[in-house]
Amino acid sequence: MKIIEDLKNNISNENEKLVFELANIIIDNKITTLDELKKLEDSFFTYNGKVLSDEERINYCMEMIKYSSDDYDLLTFEEIQEYKKLKNQLYNSIADSNKQKIRTLIMIFSMTKRDMMFLIETYNWITYN
């Protein structure tokens with residue numbers, strides 16, 4: 001699978017966890033192309049037959065973590081500090097691009113062991129950075 005090979009070729013200490021999470025999703029869902037990966041992501045963000053826009057996806061995910069006090073139970077003290085910083089950055093930086101907000105959400109979801117939602121963005125982040 002070329003997608004898996006692309007991920008393996010771009011693995012580093014900083015993105016190792018994300019690579020494994022995304023690779024497991026790709027393998028479990030028998031994904032072989034980026035189009036299939038995009039369709040799977042779109043299925044996560046489809047409500048009443050409508051695929052949400054990037055902005056709607058961001059808002060949906062932000063609502064998921066807004067009042068989630070259980071997240072702290074899963075994290076070490078150091079991770080809690082990072083989590084607070086990321087969450088604060090997400091909610092208080094109106095000028096940030098959607099791309100940056102999505103990356104912040106990817107990190108928060110990974111830290112808190114939530115299901116990965118932004119599959120294409122995670123793939124692009126890993127393979128192009």
Side-chain angles (χ1 to χ4, degrees):
M1 288 197 218
K2 182 167 178 357
I3 298 174
I4 297 292
E5 288 303 315
D6 288 345
L7 292 174
K8 284 167 60 175
N9 290 336
N10 290 286
I11 198 167
S12 68
N13 288 337
E14 293 81 29
N15 68 14
E16 183 178 33
K17 185 177 178 192
L18 287 176
V19 169
F20 287 125
E21 286 177 51
L22 184 56
N24 284 333
I25 290 169
I26 290 168
I27 292 166
D28 291 348
N29 290 282
K30 298 175 178 64
I31 302 291
T32 58
T33 67
L34 289 179
D35 285 339
E36 291 173 348
L37 190 62
K38 176 75 170 131
K39 285 179 187 174
L40 180 61
E41 179 181 318
D42 286 347
S43 73
F44 298 156
F45 292 108
T46 300
Y47 296 95
N48 297 324
K50 178 187 178 253
V51 178
L52 300 180
S53 68
D54 282 350
E55 185 122 354
E56 291 168 324
R57 291 174 190 217
I58 291 166
N59 291 335
Y60 173 77
C61 289
M62 287 174 66
E63 282 298 313
M64 288 175 69
I65 63 169
K66 193 171 193 172
Y67 302 109
S68 186
S69 59
D70 292 342
D71 288 346
Y72 296 102
D73 296 338
L74 303 169
L75 305 173
T76 66
F77 177 77
E78 291 80 18
E79 290 170 330
I80 289 171
Q81 302 316 306
E82 179 67 16
Y83 175 80
K84 285 180 178 179
K85 185 181 103 186
L86 290 170
K87 202 170 173 181
N88 189 42
Q89 175 185 330
L90 185 64
Y91 286 98
N92 294 324
S93 44
I94 296 166
D96 275 356
S97 68
N98 283 348
K99 186 176 194 174
Q100 184 56 45
K101 288 179 182 178
I102 289 170
R103 286 184 177 182
T104 303
L105 284 164
I106 290 168
M107 291 187 290
I108 289 172
F109 274 50
S110 180
M111 286 179 81
T112 58
K113 298 176 180 39
R114 285 185 169 81
D115 290 337
M116 186 177 284
M117 304 279 290
F118 295 99
L119 306 178
I120 289 293
E121 290 83 353
T122 303
Y123 175 84
N124 288 335
W125 191 16
I126 293 167
T127 57
Y128 295 111
N129 286 313

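All of these numbers come straight from a predicted model, not from anything done at the bench.
- Under the 4.5 Å side-chain criterion, counting only non-hydrogen atoms from C-beta, Q100 is in contact with Q89.
- By the 6.0 Å contact criterion, NZ on K38 is enclosed, its count of non-hydrogen atoms from other residues, nucleotides or ligands being greater than 12.
- Every pair passing salt bridge (charged side-chain N to carboxylate O under 4.0 Å, His left out) that includes a residue from residues 45-61 is listed here, sequence neighbours excluded: E41-R57, D42-R57, K50-E56.
- A donor-acceptor contact shorter than 3.5 Å is absent between the side chain of E16 and the backbone of S12.
- In this structure, Y128 places its OH atom where only 12 or fewer heavy-atom neighbours from other residues, nucleotides or ligands lie under 6.0 Å away.
- Note that OG1 of T112 and CG of D71 are 4.5 Å apart. Values are rounded to the nearest 0.5 Å.
- Aromatic rings of F118 and F109 (six-membered ring for Trp) have centroids beyond the 6.0 Å cut-off, not under it.
- Within 6.0 Å of the CG atom in D28, the count of heavy atoms belonging to other residues, nucleotides or ligands exceeds 12.
- Contact of the M116 side chain with the L119 side chain is registered, since non-hydrogen atoms from C-beta on lie closer than 4.5 Å.
- Judged by distance alone, the side chain of S110 and the main-chain N or O of M107 form no donor-acceptor pair under 3.5 Å.
- Look at K8 and E5 and you find a salt bridge, because one of the NZ, NE, NH1 or NH2 atoms lies within 4.0 Å of a carboxylate O, short of that distance.
- Within the 4.5 Å cutoff, no side-chain heavy atoms of L52 are placed close to those of T46.
- Distance check: I3 CD1 to L34 CG gives 4.5 Å after rounding to the nearest 0.5 Å.
- Between the side chain of K87 and the main chain of I65, a donor-acceptor pair closer than 3.5 Å is present.
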* Asked: How far apart are the C-alpha atoms of Y72 and K84, what are their side-chain angles, what is the distance that settles it, and do they pass the side-chain contact (heavy atoms from CB on, under 4.5 Å) test?
  -> CA-CA 10 Å; Y72 296 102; K84 285 180 178 179; 4.1 Å; yes
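- Note: F44 CZ to M117 CE = 7.0 Å, rounded to the nearest 0.5 Å.
- Hydrophobic cluster membership differs between M64 and V51, with clusters built from Ile, Leu, Val, Met, Phe, Trp and Tyr side chains linked at under 4.5 angstrom.
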* How far apart are the C-alpha atoms of L18 and I106, what are their side-chain angles, what is the distance that settles it, and do they pass the side-chain contact (heavy atoms from CB on, under 4.5 Å) test? -> CA-CA 9 Å; L18 287 176; I106 290 168; 3.7 Å; yes
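- Paired with E78 under the rule side-chain contact (heavy atoms from CB on, under 4.5 Å), one option of T76, I80, L75 passes, and it is T76.
- One finds the CG atom of L105 at 10.0 Å from the CG atom of N98 (value rounded to the nearest 0.5 Å).
- Counting only heavy atoms from C-beta outward, the side chains of I26 and I4 approach each other to under 4.5 Å.
- Between the NZ atom of K66 and the SG atom of C61 there is a distance of 14.0 Å, given to the nearest 0.5 Å.
- Distance check: N29 CG to K39 NZ gives 13.5 Å after rounding to the nearest 0.5 Å.
- Classification of the Y60-F45 ring pair by plane angle, with boundaries at 30° and 60°, yields perpendicular.
- Using a 4.5 Å cut-off on side-chain heavy atoms (C-beta onward), F20 and I11 make contact.
- Residue pairs that meet the side-chain hydrogen bond (donor to acceptor under 3.5 Å, both in side chains) test with at least one member in residues 116-127, sequence neighbours left out, are D6-Y123.
- Around NZ of K99, the count of heavy atoms belonging to other residues, nucleotides or ligands within 6.0 Å does not exceed 12.
- Side chain of K101 to main chain of I58: no donor-acceptor pair is present (N/O by atom type, distance under 3.5 Å, no hydrogens or angles).
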